[in-house]
Structures are given as C-alpha cells and as structure tokens.
There are 2 protein chains.
Amino acid sequence: MHDPIKQNAMLTLVGRCEVDYDGRASSYLPPGERLVILKPDGTLLVHRTEQRTPVNWQPPGCTHTAHTEDDQLIIHSTRSTPSEEVTITFETVLQLSILELDDSPDLALEGSEEDLRQRILTEPDILEEGFTPQMTERETAAGAVDIYGKDTDDVPTVVELKRRRVGPDAVSQLHRYVDALDRELPVERSIRGLLVAPSVTDRAERLLAEENLEFVELSPETTTENTTTQVTDFDTD
Amino acid sequence: MHDPIKQNAMLTLVGRCEVDYDGRASSYLPPGERLVILKPDGTLLVHRTEQRTPVNWQPPGCTHTAHTEDDQLIIHSTRSTPSEEVTITFETVLQLSILELDDSPDLALEGSEEDLRQRILTEPDILEEGFTPQMTERETAAGAVDIYGKDTDDVPTVVELKRRRVGPDAVSQLHRYVDALDRELPVERSIRGLLVAPSVTDRAERLLAEENLEFVELSPETTTENTTTQVTDFDTD
DNA sequence: GTCTATATCTCGAAC
DNA sequence: GTTCGAGGTATAGAC
C-alpha cells in the first residue's frame with residue numbers, strides 16, 4: 001500500500017495538489033497546480049510558477065513513499081534529525097516522468113572566497129606591502145580566522161575575507177576575532193583587523209572606523225590590467 | 001533566430017547538455033543529463049540527480065531565449081544588476097514539456113522569528129518578569145534592533161530573536177547593537193542585551209558571558225503544557 | 001552526530 | 001535602485 005519509490009531514477013510529477021509540512025517549522029499550501037521532483041538521492045522539491053526557491057522541499061537522504069487513498073495520489077517524505085515530513089496530496093496528475101539520467105562530471109566554479117584566499121597567500125603584497133601570512137583557519141575562542149599573519153612592523157594581524165560587498169555582519173565577525181585574540185595574546189600593542197572584500201557599505205565603513213578596523217579592497221578574480229573599457233559608438237547591430 | 005520563450009507557461013527540458021555561467025562568479029559544467037526548468041517569471045533552474053540546490057540557475061526576472069546552432073538547442077538566460085548570463089547547450093533533448101499551471105493560493109507558515117516576536121509582545125513576562133517592550137525594529141548605527149524595551153528596573157534592554165539554536169554570529173550581532181546604543185544613549189548605567197532562542201552552542205554561551213550578555217530560552221512555538229510525553233508499550237501496530 | 005562559516009545564497013522589506 | 005537581516009536557508013568542512 002505504501003510503496004517505496006523507484007531508486008536510481010528521477011521522478012517528476014505535475015498536477016493539482018496540496019502540501020503539508022511539519023518539522024523545524026510547519027506549513028500548509030492549499031490546492032494548486034505544481035511541479036514536484038523526486039531525486040534518486042532522496043531530495044524532494046515542490047515548485048510553483050514563480051520563485052527560484054521551492055515552496056516546499058526535503059533535503060537529500062529522505063525516504064519517499066507513494067500510495068493512493070480516496071482516488072488521490074499521496075506522496076510522503078520523511079527524515080529524522082531533525083524529524084520532518086512532507087505530504088503531497090494529488091487530486092489530479094497531469095504528467096508523470098521517470099527519468100534515468102546519466103550525469104557524473106564536476107562543476108568548475110571560479111570566483112569563490114577560496115580563490116581570494118589563494119590570491120593573497122601566493123602574493124601577500126596585494127593585501128598590504130610587507131604582510132606575511134602565518135596561518136589559515138587559526139583557531140580562537142570566537143572561531144577560526146581566515147588568515148592570520150604579521151604586518152611589516154610585526155604587528156599581529158587578523159584578515160577576514162569576503163567574496164562580495166560587505167555589510168555590518170562582516171565587521172562584527174572581524175571584531176569578534178580581534179577581541180578574542182586580544183584576550184588570548186598577552187601583547188601590549190593591539191592587534192590589527194583587516195576586512196578584505198570588493199567593496200563595503202557606508203554603515204559597515206562607519207562601524208569599521210569606530211572599532212579601529214581596516215578595509216582592503218580586493219576581489220576573488222584577478223583584476224584586468226585595463227580597468228577602463230573603451231566604448232565606441234560603432235553600430236554593432 | 002533567437003526566439004523569446006513562451007511566457008505564461010512553465011517549460012521543462014530533459015537532456016544531455018553543458019552549462020556555462022558568468023556573472024558574480026563563473027562556472028562550467030561539462031556535458032551530462034539534467035532537468036532544466038524555465039518558469040514564466042524568468043526563473044531558470046538546472047537540476048542534477050543529486051542535491052536540493054540547482055547546479056546552475058537564474059533568479060526571477062531574467063530574459064530567456066532559445067535558438068539552434070550546429071544541431072544543438074541553445075538556451076540563453078540574461079539579467080542585469082548584476083550582469084549575469086547562463087548558457088545551456090543541449091546535444092540531446094529527451095523530453096520537452098510546456099506546462100500552463102494554475103496556482104494562486106498562499107503558503108501558510110508557522111514557527112518563524114515573527115511568531116516568536118508576537119509571543120513576546122503579547123506576553124512580555126515569558127521573556128522576563130517585568131519586561132516592557134517599547135519599540136520593534138528600533139534603528140541604531142549598527143542596524144535595527146528586534147525588540148527594544150526596559151526591564152523591571154528601567155534599564156534599557158536590547159532583545160535579539162532567533163528562531164533556532166544560536167552560534168557565535170548571533171552573539172556578535174547582539175553585541176554590535178548593544179555597543180551602538182551604548183554610544184548613542186548617554187546613560188551611566190550600561191545597557192542589557194538579551195539573546196532569545198530555543199538553545200545556544202557552548203562557544204556562543206562563553207562569548208555571551210565574556211561580553212556580559214544574557215541568554216533566554218524561548219521557541220517560536222507555544223510550549224505544550226505537558227512537556228513529558230507518556231510512552232507506554234502497548235502495541236499500536 | 002554537532003558546530004562553524006560560506007553562498008552565483010534567495011527573499012522581502014525599508015529607504 | 002541599494003541595504004540589511006531572516007531563512008524549514010543548504011552545503012561543506014572540521015571535530
């Protein structure tokens with residue numbers, strides 16, 4: 001009656017359904033037509049006609065079953081830790097596909113925070129003349145510091161990296177690490193904190209100033225030699 | 001040649017394709033079989049057989065076009081601010097669906113931070129005996145405070161709410177607001193900071209202590225009267 | 001398992 | 001438009 005759903009295939013269902021969710025939070029989605037996806041890894045997605053984010057979902061590793069009740073197809077998905085379940089009740093099924101997809105290659109992504117870290121470690125001078133990295137992921141009571149090192153005057157320096165424009169949250173994070181190291185290292189001179197990102201918001205800049213922290217403008221991508229782009233008015237259509 | 005894609009319908013494509021992305025970051029996904037979804041609102045999703053998150057995507061509001069080149073179907077998606085584009089090149093199409101879905105009702109979600117806020121505002125004593133809320137979203141130089149009020153001794157109190165277990169980041173956030181108000185309010189006695197959440201990690205608890213901030217255990221959901229659950233060994237199968 | 005921080009985060013709301 | 005913080009965030013890495 002409660003049949004486990006075919007492994008090794010991706011299932012898509014289109015139809016009029018309602019969705020119940022109960023777990024970390026709980027929700028009810030009244031009847032409407034949606035696209036439901038069941039992946040072989042135990043992922044469940046319920047997509048509406050709008051939004052990038054599914055309206056309901058389950059992460060990989062869930063158990064899916066299907067059964068019928070009162071002429072309705074019911075899909076049930078459960079997981080534990082945290083205990084969560086999604087129930088989809090179809091009153092109409094417009095389409096059902098069973099897709100056995102062959103897909104192995106890896107995605108190659110560029111422009112991450114890791115790329116920014118590598119840029120600085122291979123050429124520390126782009127961060128600041130004379131900076132010497134000493135550790136990455138250096139542990140403190142407040143968490144791990146992205147890059148820890150010394151500046152040209154041997155002053156201990158905490159570096160926090162962000163791949164994009166930073167707001168107040170990133171300033172807090174850096175402040176927390178600098179505070180923690182200030183307590184841990186019994187030095188007279190204070191520790192420097194550098195926030196490294198492509199740009200910074202006004203409020204974040206003010207907070208940096210108030211807390212004697214510094215900002216360094218750097219992007220994950222290697223900057224092009226010619227930053228000015230020539231724009232001519234040739235007709236290119 | 002570059003045909004705009006049918007509005008008002010959701011399109012799904014299954015087939016062997018490669019995906020190029022360039023924008024805030026950039027990526028290349030070598031050929032493999034995937035499910036591609038084009039929503040009427042301009043959303044693009046590329047899903048593999050694993051993961052809840054699409055391997056590539058575009059948010060709502062993008063422009064999608066399709067054309068063929070060398071016997072290949074090419075889907076192109078662009079947006080501006082930020083300038084981003086995704087190109088999907090199909091060498092094989094296994095399935096194409098055009099779905100005109102009728103779906104209007106709203107999702108009803110319970111257990112959010114807003115629910116926690118409402119609980120405290122309607123019954124402030126569950127936070128602390130004698131607490132009086134004065135403002136929500138009170139602005140400071142560091143951002144808006146969830147709840148601002150006074151305790152039973154008229155001490156200004158900043159309340160930061162989290163719907164789930166909190167780590168060091170939430171402590172930083174509260175610390176930032178308390179710091180900002182300490183500068184803004186010219187009071188002799190210091191301001192109290194309360195972090196309200198269902199639970200707290202060890203490290204976060206230590207940070208709270210170091211910064212003279214406090215933790216209050218509260219959940220978005222109303223607690224059941226009987227927290228102990230009777231478990232008998234009757235056979236319920 | 002839990003903890004910590006990142007993300008092409010997404011999303012909504014305020015300005 | 002930008003800014004800011006929440007999210008059932010998801011995801012990866014470390015312990």
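Within every chain, numbering begins at 1; the chains are lettered A, B, ... in the order of the sequence lines, protein sequences first and strands thereafter.
The nearest pair of heavy atoms linking A:Asp146 to A:Val159 is CB-O, 3.2 Å.
Using a 4.0 Å heavy-atom distance criterion, B:Gln51 is classed as a sugar-phosphate-only contact. Across all strands shown, B:Glu137 has no heavy atoms under 4.0 Å from either base or sugar-phosphate atoms. Nucleic acid contact for B:Ala142: sugar-phosphate only, since backbone atoms but no base atoms lie under 4.0 Å from a heavy atom of the residue. Using a 4.0 Å heavy-atom distance criterion, A:Glu85 is classed as making no nucleic acid contact. Within the nucleic acid shown, B:Arg79 has no heavy atom closer than 4.0 Å to any nucleic acid atom. Among the heavy atoms of the strands lying under 4.0 Å from A:Ser112 are primed sugar atoms or P, OP1, OP2 only; no base atom is included. Nucleic acid contact class of B:Pro220 (heavy atoms, under 4.0 Å, all strands): none. Residue A:Arg203 is classed as a sugar-phosphate contact, given heavy-atom separations below 4.0 Å to backbone atoms only. Across all strands shown, B:Asn56 has heavy atoms under 4.0 Å from base atoms, whether or not it also approaches the sugar-phosphate.
Taking the nucleotide of DNA chain D with the nearest heavy atom to each of A:Ala204 and A:Ala25, the more 5' of the two is matched to A:Ala204. Heavy-atom nearest nucleotides on DNA chain D were determined for A:Val200 and for A:Glu84, and the one closer to the 5' end corresponds to A:Val200.
Here C:dC9 presents its P atom at 12 Å from NZ of A:Lys162, a figure rounded to the nearest Å.
Here, C:dT8 and C:dT4 have their P atoms 23 Å apart, quoted to the whole Å. Nucleotides D:dG8 and D:dC4 are separated by 23 Å at their P atoms, to the nearest Å.
Checked options B:Glu50, B:His47, B:Gln51; the residue passing with A:Lys39 is B:His47 (criterion: side chain to side chain donor-acceptor pair (under 3.5 Å)).
Counting only heavy atoms from C-beta on, A:Thr53 has its side chain closest to C:dC11 among C:dC11, D:dT9, D:dA6.
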